[in-house]
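Here the structure comes first, spelled out in structure tokens, and everything after it is commentary.
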There are 2 protein chains.
Amino acid sequence: MPEKTRATVRGPYRTGIRRREQLVAAAIEVFAEHGYAGGSLRAIAEHAGVSHASLIQHFGSKEGLLTAVLEEWDRRTVQDGLADISGLDYFRRLPEVMAAHQDNRGLLELFTTIAAEASSPLHPAHGFIVRRYATNLATLADHLRQARAAGDIAAMSDAQIDIEVRLVTAALDGIGLQWLLDPSTDVAASVSTYVERAIASWVSGRGDDRR
Amino acid sequence: MPEKTRATVRGPYRTGIRRREQLVAAAIEVFAEHGYAGGSLRAIAEHAGVSHASLIQHFGSKEGLLTAVLEEWDRRTVQDGLADISGLDYFRRLPEVMAAHQDNRGLLELFTTIAAEASSPLHPAHGFIVRRYATNLATLADHLRQARAAGDIAAMSDAQIDIEVRLVTAALDGIGLQWLLDPSTDVAASVSTYVERAIASWVSGRGDDRR
DNA sequence: GTCTATACGCAGATAGAC
DNA sequence: GTCTATCTGCGTATAGAC
């Protein structure tokens with residue numbers, strides 16, 4: 001990616017980059033309201049005041065536009081709010097991070113849908129989603145290993161750590177989906193119950209998670 | 001539904017019913033391979049050796065066909081394997097039930113995708129999925145209440161029970177998705193870790209799940 | 001009663017004018 | 001770079017064959 005975006009760009013790139021951001025913003029709005037399949041390029045183009053052919057020109061395909069939107073989602077959520085937090089505190093912050101998603105129902109809906117659709121190896125975003133989950137799980141595992149090294153939790157094998165971070169991720173994904181299906185779902189309380197119980201188990205090193 | 005299907009049906013219904021089953025089977029194959037959006041009526045029709053118009057005639061719309069497929073999935077999975085099991089044993093059986101899904105990757109892919117897509121209130125299967133989750137959660141809650149009544153677990157409020165069954169469901173859904181994205185995921189071990197820890201917590205009635 | 005042939009509108013994608 | 005056709009394939013609806 002050549003977009004180093006120095007403070008002062010002389011030539012034609014500036015408008016191209018800003019245009020791109022506008023298009024992604026329009027895509028987010030439309031996808032968030034109508035989903036990926038339901039949000040047509042023509043609708044997004046109309047929203048942004050361009051032709052749908054122009055969207056293809058910028059992003060190569062609808063998939064390319066989708067990927068750009070997902071990267072924007074990543075930038076907005078994962079990076080924000082959880083920087084400078086590490087070890088067990090990272091897990092303790094998860095309930096409020098999830099709760100914050102409730103302000104952005106459309107984006108959660110979009111990401112949940114894409115993650116599931118992309119489970120098919122044939123889906124255009126399959127590689128992106130697989131990579132994203134791998135990165136996410138690795139980050140969680142790092143924090144858990146850090147807690148282990150610091151002596152905050154009892155001994156735990158790397159295989160156990162893998163299972164633990166997968167279960168945390170599953171809880172977040174699953175509760176998110178249930179909230180989408182039934183907004184009366186108490187997201188923060190559910191996630192909090194899970195995280196607190198998991199941490200308690202890690203600290204005491206009880207047998208129910210040793211195999 | 002007028003399909004009482006007496007042992008001997010005189011007239012034209014027989015072929016109609018059997019045809020319907022053939023079409024659903026073809027739809028399952030195609031949906032399982034290409035997903036819902038990617039599985040066109042024309043492809044399903046070709047697979048079944050009929051015209052795509054005939055599919056519409058039988059099921060009214062693509063949504064109708066989808067609903068028939070999902071009901072078939074329900075019939076194959078939830079009903080089978082868990083009948084005659086109750087109380088805590090119901091939860092103990094979940095790891096092997098989930099592990100059994102690994103023989104049927106296509107259907108798990110389909111159901112995961114539809115559940116996510118249908119999170120949008122505008123999706124044709126939204127009502128079906130919402131109802132299905134509500135029924136599922138209610139069933140799990142019944143078993144947990146039964147264990148409570150039998151004294152197998154410590155006291156637990158109905159609100160706590162709701163959270164617990166949502167977390168179990170989230171673990172199943174989330175681990176299933178992760179297995180789809182990364183087949184090296186140890187489904188049985190992950191689910192087993194979750195269920196055993198949850199049951200241990202219910203039995204001891206520790207403070208980490210009381211609020 | 002079932003099924004097919006056919007048509008309509010919309011989707012994503014491409015080619016070429018300006 | 002962006003637009004205006006235009007292509008192909010989709011879900012859907014209907015009329016009519018058998």
Side-chain angles (χ1 to χ4, degrees), chain A residues 2-3 9-24 26-27 30-31 33-69 113-114 117-118 120 122-125, chain B residues 1-3 5 9-24 26-27 30-31 33-69 110 113-114 117-118 120 122-126:
Chain A
E3 296 146 37
V9 179
R10 183 166 54 93
Y13 285 154
R14 260 199 88 85
T15 65
I17 294 171
R18 297 189 61 180
R19 172 64 103 203
R20 212 185 131 95
E21 288 168 358
Q22 291 171 358
L23 298 179
V24 169
V30 175
F31 282 158
E33 185 167 353
H34 299 102
Y36 175 59
S40 71
L41 290 179
R42 284 168 173 84
I44 296 167
E46 188 181 9
H47 211 77
V50 298
S51 72
H52 70 278
S54 195
L55 283 176
I56 300 274
Q57 204 67 29
H58 270 279
F59 300 97
S61 67
K62 194 181 183 184
E63 169 216 345
L65 179 55
L66 170 63
T67 303
V69 167
T113 305
I114 298 302
E117 280 183 1
S120 165
L122 303 171
H123 192 277
Chain B
M1 295 188 222
E3 299 146 37
T5 55
V9 178
R10 184 164 54 94
Y13 284 155
R14 262 200 89 85
T15 68
I17 294 171
R18 297 189 62 179
R19 174 64 102 204
R20 211 186 132 95
E21 290 168 358
Q22 290 172 0
L23 297 179
V24 169
V30 175
F31 282 159
E33 187 169 351
H34 301 102
Y36 174 60
S40 71
L41 290 179
R42 285 165 174 87
I44 296 167
E46 188 181 9
H47 209 79
V50 298
S51 72
H52 68 277
S54 195
L55 284 175
I56 296 281
Q57 204 68 30
H58 272 279
F59 301 96
S61 67
K62 193 181 184 184
E63 171 213 345
L65 177 56
L66 170 63
T67 303
V69 167
L110 174 63
T113 304
I114 298 302
E117 280 183 1
S120 164
L122 302 171
H123 192 279
H126 181 75

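Note on naming: letters A, B, ... go to the chains in the order of the sequence lines (proteins, then strands), and numbering restarts at 1 for each one.
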Look at all strands and tell whether [X] reaches a base, only sugar-phosphate, or nothing, counting heavy atoms closer than 4.0 Å.
X: His52(A); value: base
X: Gly38(B); value: nothing
X: Ser51(B); value: base

Between Ser40(A) and Gly60(A), name the one whose nearest nucleotide on DNA chain C is closer to the 5' end.
->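 Of the two residues, Ser40(A) wins.
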Assign each of His58(B) and Gln57(A) to its nearest nucleotide of DNA chain C by heavy atoms, then name whichever residue's nucleotide is nearer the 5' end.
->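 The residue whose closest nucleotide sits nearer the 5' end is His58(B).
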When the distance from [atom1] of [X] to [atom2] of [N] is rounded to whole Å, what number comes out?
X: Leu41(A); N: dC3(D); atom1: CG; atom2: P; answer: 14 Å
X: Ile44(B); N: dG9(D); atom1: CD1; atom2: P; answer: 17 Å
X: Glu63(B); N: dG11(D); atom1: CD; atom2: C1'; answer: 13 Å
X: Glu46(B); N: dC10(D); atom1: CD; atom2: P; answer: 10 Å
X: Ile56(B); N: dC8(C); atom1: CD1; atom2: P; answer: 18 Å
X: Leu55(A); N: dC3(D); atom1: CG; atom2: C1'; answer: 13 Å
X: Phe59(B); N: dT2(C); atom1: CZ; atom2: P; answer: 12 Å
X: Leu65(B); N: dG11(D); atom1: CG; atom2: P; answer: 10 Å

Does Arg19(A) make a side-chain donor-acceptor contact with the base of dG1(D), cut-off 3.5 Å?
->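 Result: no qualifying N/O pair found.
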Is Arg42(B) side chain donor-acceptor paired with the dG11(D) base, going by distance under 3.5 Å alone?
->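 Answer is yes: a donor-acceptor pair is held.
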With a 4.5 Å limit on heavy-atom distance, are the side chains of [X] and [Y] in contact?
X: Val24(B); Y: Phe59(B); result: yes
X: Val69(A); Y: Ile114(A); result: no
X: Gln22(B); Y: Val50(B); result: no

For the student: nearest non-hydrogen atoms of Ala125(B) and Leu66(B), plus distance =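 Taking every non-hydrogen atom into account, CB-CD2, 3.9 Å.
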Nearest atoms (heavy-atom pairs only) where Arg42(B) meets His52(B) |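 The answer is NH2-NE2, 3.6 Å.
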OP1, OP2 of dT2(C) versus side-chain N and O of Ser54(B): anything below 4.0 Å?
->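 So the side chain of Ser54(B) is outside the cut-off, no N or O lying under 4.0 Å from OP1 or OP2 of dT2(C).
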